[in-house]
Protein chains: 2
Amino acid sequence: VDHLSERGPEYRTALVQLLAGLAYGEFSGFMRLAADARLAPTLSESAEISSLAVHEYENFVAIRDYLAAMDVSLDEEMAPFVDSFEEFHQRTQPKDWLESVVKAYVGDAIAIDFFREIASYLDPTTADLVRNVAEPSEYVEFAVATVRQAITRDPAVGGRLALWGRRLVGEALAQAQRVFSEQEALAGLLIGQSEHAFPDLAEVGRVFARLTTQHTERMERMGLQA
Amino acid sequence: VDHLSERGPEYRTALVQLLAGLAYGEFSGFMRLAADARLAPTLSESAEISSLAVHEYENFVAIRDYLAAMDVSLDEEMAPFVDSFEEFHQRTQPKDWLESVVKAYVGDAIAIDFFREIASYLDPTTADLVRNVAEPSEYVEFAVATVRQAITRDPAVGGRLALWGRRLVGEALAQAQRVFSEQEALAGLLIGQSEHAFPDLAEVGRVFARLTTQHTERMERMGLQA
């Protein structure tokens, strides 16, 4: 593929790992959100979380088709990421509808923030794909309104969901760390020696700081303490 | 809504029931197919059945938005159909991947055939909506290829899946009968006295005969005896 030729084989390896990981993240998100739709108290609320599931499936398709054009075997390349995502979902199984609403919002938004950060280290063609996938869905307003209403009805809910939000981020970071320690090429893309990698660990720190700030802002938007 | 004014209030009642039933059928199909995606042996096969799930969600959205424009409360109107569809899905829970592939194909196709039959009894605007929803998805080719391959590998599979196909149709008809006996306005649309209803029971019989023939053709396409 043309847009990869100037970067060499190491970049290609890292890129395939990155996109396969993103693809599986979107696909597992689709399956989990569709399952969580059963927790909704009404059919129309069930349809709202399903709309995010469908949005994530479409993101998966966009990345899958891009990888297919690079002659990549999807099943093979996604396989190394299955355990991390499944473990994340198993350790953050929502116990009720509100937990699933918060998880869907927080999980999708962290992914979006990460997509936007990583896009600046990619070739322009792939960066376009990743930025498109990072377009937020309409689900955001629904999540914010639902959580705010629930807290108005019962303020104790706020404390419980704030704890839940902290746990979600903790588990997400733990799995992200695991992925980067297992996938060397991917780690090299981020903190390697190439001119396109993060310049240094201080920059990695700044990225994390931005992700954390954005998470805090989102929690506040829902009326929750981060 | 303009396109309903010439048909009177009974038609409107029947139409709302019909569309609410179709909407819930598509939505429950989405949730069940997304759950069945977990049975797939590979991620790419899982993605194939998920594509049909997403297709059914989009059909649900099209019908939902049409009903919203008629000022209909979706949750209220869909509620009477929940039990029938849930009972159908519970009584036809796939035990393995091939059963879920056949169920998805047969279930979706019977719905499509029914949509096409019913469209000719509706006002032109609603008929357009229903015919759009009845566009088959690309999943069909995948189902046919998957089942044919499985039978080539192990011919005994053919007998088991043929029985399964018969059971699926039997359960679908049983629930359809239940719906029509419970929803009077809907039954009136089909076998009522109005000029737009089925002219007589003989026509109902012909519709059933056509649905059965189409089912038989589909089973044969997969290499199965109906």
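FYI, side chains are in, hydrogens and waters are out, and symmetry mates aren't considered; it's all heavy atoms of this structure.
The stretch residues 76-112 of chain B places B:M78, B:V82, B:E86 near chain A, each with some heavy atom under 4.5 Å from a heavy atom of that chain.
Going from atom CD of A:E58 over to atom CD of B:E58 covers 5.5 Å, rounded to the nearest 0.5 Å.
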side-chain contact (heavy atoms from CB on, under 4.5 Å) between A:S46 and B:F27: does it pass, once the steps are laid out? CA-CA 9 Å; A:S46 183; B:F27 189 61; 3.2 Å; yes

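Put simply, the side chain of B:D75 gets close to the backbone of A:L43: a donor and an acceptor are under 3.5 Å apart.
Nearest heavy atom pair, residue A:R64 against residue B:A47, reads NH1-CB, 3.9 Å.
With a threshold of 4.5 angstrom between heavy atoms, B:E45 does not approach chain A through any atom at all.
Residue B:E182 qualifies as enclosed at atom CD: its count of foreign heavy atoms under 6.0 Å is above 12. In A:E10, the CD atom is not crowded: 12 or fewer heavy atoms of neighbouring residues, nucleotides or ligands sit closer than 6.0 Å.
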